[in-house]
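So that the names make sense, note that chain A is the first sequence line, chain B the second, and so on, each numbered from 1. Only this structure's heavy atoms are used, side chains among them; waters, hydrogens and symmetry mates stay out.
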Amino acid sequence: MNIKFYFYDVRHVLIDGKSCIELYGINKEGNKLCIVDEFNPYFYAEIDNDLLIDKISKLNIKDGDDEISVLSVHKINKKILGIDKELIKIVCNKNSDIHKIRNEIKYAVLNTYEFDIPYTRRYLVDKQITPLTELSLVCDELGSEDDLIPRYKLNEIEFSSNKVDGNLVNTLKILAIDIETYYSDGGIDDFTEPILMISFYSNNFKKVITWKEIDGAENLENEKIMLERFCEIIKEINPDFITGYFSDSFDFPYIKKRADMLGVSLKLGDGPLEIKNDSVRIKGIVHIDILKFIRRTMSSTLETQTYSLNDVAKEVLGEKKLEVNLSNLSVAWDEDNKSDLKRFVEYNLKDSKLTYELFMKIFPNLGAMVNLTSLIPFDVNKGGFSQFVEWYIIYNTKKYNEIILSKPNYHEQESRREFRIQGAYVAEPRPGIYKDIIVLDFTSLYPSVITTHNISLDSLRREPKSSLNINPENDNLWFSKKEGYITKILSELILMRKKYKKELKNSEGDLLLAAKVGMLKILANSFYGYLAFYGARWYCLECASSTTAFCRYYIKKVISETKDKGFDVIYSDTDSVFLTLGSKTKDSAFDFLDETNKNLPGIMELDYEGYYPQGLFVLSKSGVGGAKKRYSLLKEDGTMKIVGFELVRRNTSPIVKEVQKEVLNLILKENSPDKALKYVKNILDKIKSKQISNDEMIITTKISKPLDQYSAVGPHVVVARSMEAKGNKIKPGSIVKYIIKSGEGIIREKASLPEEVDAGDYDSDYYINNQIIPAVEQILRVCGYEKDQILGKGVQKGLGSFF
DNA sequence: CATATTCGGGG
DNA sequence: GTGTACGAATATG
């Protein structure tokens, strides 16, 4: 029979002692299927004696009660970084045989290759198939092991598309979930308090289950029955994807822990929940922790400073969480406050809704990365950029008959870690306010440099001989004319992006194509970092250091040329220069751009980034010279671009969070840094005169290990110990609250329990200098206000009032 | 100065 | 059947 099939998960399974592949996915009608395929694992060896072929093929290794033998051995031609190699291919029964056989022959052969490729990925690379794309399969029906997912045996792949289907997301069943838990002062990290409600959100299914009578929710007898109902609902919906926000580290591990405590057997997909290194996998269902993907892969395209669901949803969807005071949930639960609980039910459902919509929004990006790397969605969600680059390269080895290089072992990685390379050139700005700023930058500087100068492991030469592609800072390093493997792959990638970009112009609404263009850019930009990544298979530190050397050379060249033309260069960072026009016109800048581009080699290109009526560069912390990577620009539309400040983290007092929020609001929304300064000064006065209540001063910190294991005693440890002395139970995950009391000594000596501090008896200086100032200093500095001014000590310079 | 610890996300 | 997070900030020593 013929099946049009879209798979989204691949697994290894042993059938009659042989490794086989399971592909999970849906057919055209959206029904979930499992396709089983036979696929023999293998690896390669290099030998200098043909007699070994016969010897290896007759190998028989005792492995406990088992005997491991080799299925077949034959000669094969491969390339290692462009150089032809005759190897033998050793085919095994089980994937786990590979390393046992390799260990057995390691010393008899010259070298071994591709013994460290995970089985399921090996299959996709060999077959050159990609998840989420259409496959046309010839199959036979197999007796289904259970009624949830019918199984078929694969006979032939008739056709495979190489494009992720954009409409697929409408056929797939996507389910978002979210839990709310009881919260006590013991914290939520040990997952021991009960789960109070669970919400589900899918396009045609919206529900909250709980174990109290609450309007708008399904009421179940107790938590245990609620968890059983949770499994039942998931079985009924039988989703293809389950998504949650931080669900790898919170929702699912929490559900698992409670299920274990209550004796519920948690069966969701086609097997038990697998929790491994901070990720949760479900057989037959793809679990995507959407936070992970957004934080890892999408962060460069987002402005948000925090990755809370609320902030991310606000930016990506323009929608916020329901406003509730979560610390009241447990109270409302205990007191059975129906109206409050109803609100929490709505809150719970809204979280799932936002998660669902975020998933739909980023699915094209996830799909694009799946398409480019051929990694399953689960791995794309988990992986970082070096993984993406590496699997992109690996997927392309087949085309060139290239050997996949081996991963460095632990010791090799350790020794690689010791090296650091010189990075980009960052100029020190002269502090001050500038008018009429033009910013020029190189388009995709790193990828352009790598391809233009043929930077690759196999083109690298280490002797002072050539006049070609010489590292501008070390003439012992140069790159040959013959295109290197890495360069070839990257050039193709850049060409592909250009092609898609063109196509995109004719099909504006193609979200997947747009995502692909975006992901290709990210991927291209990651090649440089990959070359320097200690875990990389195609690692080349000299390639990476030559790349940055070329980059420094080019940007410095632009700086000196613009200076020659009479522009004033005020700042430069990595790939961009900031010029002031002075008496020159914008057109003269464009002329410079044209002239420069005529002379740049290869695909190198300088671009016009933008015009800013005004910009401010501030003094560095040391007070000598300008601060790098910290400035603010006034855009033509009147809004401000502030670069180089970070938000404070949460283990600060409420007053700090409040002040920082208001300062940003005054600067970014009201464009009024001077109001922000006044506001901060006012708060400082209030702290000094003890007008701020103690509650606002409470610092919250989490205990992360048993108290007796602390060698360094911080304020939170001191407080935790005194809490314990009073009979409180302190364990890892416990939340400690304290106030820094006024008085003498180091901080931990002044850390006290909130109830032991009289009103106003907090250390004003500590809160001003260690809490408020660090939180707002960076932001205000970038707007031209120095610390002394905030404290009211210095002269009122008022640079910020220029904006 | 180096070293130890915590944070993020989640309730 | 991969394993690896990580990079910055803050306080103590």
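- Side-chain polar atoms of A:Tyr530 and A:Glu390 form a donor-acceptor pair below 3.5 angstrom.
- If you check every strand for non-hydrogen atoms under 4.0 Å, A:Val717 touches nothing.
- Donor-acceptor pairing under 3.5 Å, judged by distance alone, is absent between the side chain of A:Gln771 and the base of C:dT10.
- The CD1-C1' distance, from A:Ile735 to B:dT6, rounds to 12 Å in whole Å.
- Residue contacts shown for A:Leu196 are absent, as no nucleic acid heavy atom lies under 4.0 Å away.
- Partner A:Asp116 forms a salt bridge (Lys or Arg N to Asp or Glu O under 4.0 Å) with one of A:Lys407, A:Arg121, A:Arg537 and no other, that one being A:Arg537.
- Note on A:Tyr710: a side-chain N or O is less than 4.0 Å away from OP1 or OP2 of B:dT6.
- In this structure, the nucleotide among B:dG10, C:dA11, C:dT4 sitting nearest to the side chain of A:Tyr534 is C:dT4.
- Distances shorter than 4.0 Å separate some side-chain N or O of A:Lys321 from OP1 or OP2 on B:dG11.
- A:Ile177 has its side chain within reach of A:Leu175: a pair of non-hydrogen atoms, C-beta onward, lies under 4.5 Å apart.
- Proximity of A:Asp379 to A:Phe388: side-chain heavy atoms (C-beta onward) are nowhere separated by under 4.5 Å.
- The distance from atom NZ of A:Lys629 to atom C1' of C:dG7 is 15 Å, rounded to the nearest whole Å.
- The base of B:dG9 has none of its N or O atoms less than 3.5 Å from a complementary donor or acceptor on the side chain of A:Asp248.
- Contact annotation for A:Glu390: no contact, since no heavy-atom pair falls under 4.0 Å across all strands.
- Using a 4.0 Å heavy-atom criterion, one finds that A:Tyr766 contacts the sugar-phosphate atoms exclusively.
- Under a cut-off of 6.0 angstrom, the local environment of CD in A:Glu38 is sparse, with at most 12 non-hydrogen atoms contributed by other residues, nucleotides or ligands.
- Between A:Lys276 and the phosphate of C:dG3, there is no side-chain N or O to OP1/OP2 separation shorter than 4.0 Å.
- Taking atom P on both nucleotides, C:dA8 is separated from B:dG10 by 22 Å, rounded to a whole Å.
- Among the heavy atoms of the strands, none lies under 4.0 Å from A:Arg11.
- The side chain of A:Arg417 has C:dC6 as its nearest neighbour among B:dG10, C:dC6, B:dG9.
- Of the candidates C:dT4, B:dG11, B:dT6, B:dT6 carries the atom nearest the A:Thr701 side chain, counting heavy atoms from C-beta on.
- Distances from the side chain of A:Pro715 to the nucleotides B:dG10, C:dA11, B:dT6 place C:dA11 closest.
- Of the candidate nucleotides C:dT12, B:dC7, B:dG10, C:dT12 has the atom nearest to the side chain of A:Ile747.
- Of all nucleotides listed (C:dG13, B:dG10, B:dG11), B:dG10 comes nearest to the side chain of A:Ser308.
- In this structure, A:Asp251 reaches neither bases nor backbone, as no heavy-atom distance under 4.0 Å exists between it and the strands shown.
- Nearest nucleotide to the A:Asn770 side chain, out of C:dT2, C:dA11, B:dG10: C:dA11.
- Taking every side-chain heavy atom of A:Leu326 into account, B:dG11 is the closest of B:dG11, C:dT4, B:dT6.
- When heavy atoms are screened at a 4.0 angstrom cut-off, A:Asp189 is found touching base atoms of the nucleic acid.
- If you run ring pair (Phe, Tyr, Trp, His ring centres under 6.0 Å) between A:Trp333 and each of A:Phe344, A:Trp211, A:Tyr182, only A:Trp211 comes through.
- A:Asp116 places its CG atom 12 Å from the P atom of C:dG3, with the value rounded to the nearest Å.
- Nucleotides B:dT6 and C:dA5 are separated by 15 Å at their C1' atoms, to the nearest Å.
- If you check distances only, the side chain of A:Lys407 does reach the base of C:dT2 with a donor-acceptor pair under 3.5 Å.
- Looking at the side chain of A:Lys705, the nearest of the listed nucleotides C:dA11, B:dG9, B:dT5 is B:dT5.
- For the pair A:Arg295 and A:Ser96, both in contact range of DNA chain C, the more 5′-proximal nearest nucleotide belongs to A:Ser96.
- For the residue pair A:Ser249/A:Asp278, the side-chain donor-acceptor check at 3.5 Å is satisfied.
- When rounded to the nearest whole Å, the span between CG of A:Leu322 and P of B:dG11 equals 13 Å.
- The shortest distance between the side-chain N/O atoms of A:His716 and the OP1/OP2 oxygens of B:dT5 is not below 4.0 Å.
- Looking at heavy-atom distances under 4.0 Å, A:Ser247 makes no contact with the nucleic acid at all.
- Note on A:Asp351: only backbone sugar-phosphate atoms sit closer than 4.0 angstrom, heavy atoms only; bases stay farther off.
- Separating the P atom of B:dG9 from that of C:dT4 is a span of 24 Å, rounded to the nearest Å.
- Checked by atom type, the side-chain pair A:Asp178/A:Asn348 shows a donor-acceptor distance below 3.5 Å.
- Across all strands shown, A:Ile179 has heavy atoms under 4.0 Å from sugar-phosphate atoms exclusively, and none from any base.
- Of the listed nucleotides (B:dT6, C:dG3, B:dG10), B:dG10 has the atom at the smallest distance from the side chain of A:Phe246.
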